[in-house]
Amino acid sequence: MEQLTLFAAAGQSKGLPTHLLDYRPGLFCTAESDEYLRKFIAEAPWKQTALKIKDKEIATPRLTAWYGDLGTDYSHPGRISNPAPWTPELLKIKAIVEPLSGVKFNSVLLNYYRDGNDSVAWHSDKESILGKHPVIASISFGEVRSFDIRNKADHLEKYSVRLEHGSLLLMKSGLQEHWEHRIAKSVQPMKARVNLTFRVVI
DNA sequence: CCATTCACATAGCT
DNA sequence: AAGCTATGTGAATG
Ligand SMILES: [Mn+2]
């Protein structure tokens, strides 16, 4: 009984398809991760976009901030925004992540999930901006949230990874084409989580 | 023009 | 019977 509970709480699916993703907890220690979380929340140029359906204006349920090399412009729905210039912290993290990813990234999208009501729906990352087989490195700070993937052709084929404070999730080149991912809302009370997704913008 | 993208409300299922 | 999923919605986009 005890073990079952503990195992369930761990929340990692068995048999994760490691050719599609890799998960590495504890890439950054707790103290360092705490500081990064605080600093990114306080200092990143957070934006919240919106979409209109009928007459309702629906705010996207998370905040985003975009950093990167000059020329890696990212089109938000409705407007084009230049990325903010790299900060020393982001460059330091990038330098740690790149050898583990086998890729030199030129941009990073930060996502700020303020509480359990923030989320991102099932999607694949944009082929038009990233190409068909992008490698994306995702660093998590703050609250543990569940990252789900499902096969586009068979929604019953699903896996889940708990993204822990200071962890790295590597989305490998095969993931986006045939799989979708999400961060679901949670009924349980959730504290803030900031996610750094390093990418190569084409 | 037309397909795609996004979050939400709702209906239907177990 | 609470919790999950598929579906329709429509403005903006390329
Ligand atoms: Mn994504």
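Letters A, B, ... are given to chains in the order of the sequence lines, protein chains preceding strands, and every chain is numbered from 1. This is a predicted model, so every value here is computed, not measured.
- A:I58 places its CD1 atom 13 Å from the C1' atom of C:dA12, with the value rounded to the nearest Å.
- Side-chain N/O atoms of A:T197 and A:R199 include a donor and acceptor closer than 3.5 Å.
- Out of B:dC8, B:dC6, C:dT5, the shortest distance to the side chain of A:R62 is found at B:dC6.
- With respect to A:R182 and A:D148, a salt bridge is recorded, a charged nitrogen being found less than 4.0 Å from a carboxylate O.
- Taken over five-pair windows at either terminus, the axes of the helix from B:dC2-C:dG14 to B:dT14-C:dA2 are inclined to one another by 20° (rounded to 10 degrees).
- By the 4.0 Å N-to-carboxylate-O rule, A:K39 lies too far from A:E35 to be salt-bridged with it.
- As rounded to whole Å, 14 Å separates atom C1' of B:dA7 from atom CD of A:E180.
- Whole-Å rounding puts the A:L156 CG to C:dA6 C1' distance at 12 Å.
- Of all nucleotides listed (C:dG10, C:dA6, C:dA11), C:dA11 comes nearest to the side chain of A:K52.
- With distances taken from any side-chain atom of A:K185 to the nucleotides B:dA7, C:dA12, B:dC8, the minimum falls on B:dC8.
- When the side-chain nitrogen and oxygen atoms of A:H155 are compared with OP1 and OP2 of C:dA6, one or more of them lie within a distance under 4.0 Å.
- Comparing C:dG10, C:dT5, B:dA7 by their nearest atom to the side chain of A:V120 picks out B:dA7.
- Considering only side-chain atoms of A:K158, the nucleotide from C:dG10, C:dA6, C:dC4 that sits closest is C:dC4.
- Rounded to whole Å, atom P of C:dT13 lies 14 Å from atom CD1 of A:I53.
- At a threshold of 4.0 Å, the pair A:R145-A:E143 does not count as salt-bridged, since none of the basic side-chain nitrogens sits closer than that to a carboxylate oxygen.
- Rounded to an integer number of Å, the gap from A:R182 CZ to B:dC8 P is 13 Å.
- The aromatic ring centroids of A:Y112 and A:W46 lie less than 6.0 Å from each other.
- As rounded to whole Å, 17 Å separates atom P of B:dT4 from atom CG of A:D125.
- Residue A:L51 is in base contact, counting any heavy-atom pair closer than 4.0 Å across all strands shown.
- A close approach under 4.0 Å does occur between a side-chain nitrogen or oxygen of A:R150 and OP1 or OP2 of C:dA6.
- Sorted by first and then second residue, the salt bridge (Lys or Arg N to Asp or Glu O under 4.0 Å) pairs involving residues 16-25 of chain A (not counting sequence neighbours) are A:D22-A:K172.
- Closest to the side chain of A:P61, from the set B:dC8, C:dT5, C:dG10, is B:dC8.
- A:E98 and A:K104 are joined by a salt bridge, as a carboxylate oxygen and a charged side-chain nitrogen come within less than 4.0 angstrom of each other.
- Nucleotide B:dA9 holds its P atom 10 Å from the CG atom of A:N117, rounded to whole Å.
- Taking atom CG of residue A:N151 and atom C1' of nucleotide C:dT5, one finds them 16 Å apart after rounding to whole Å.
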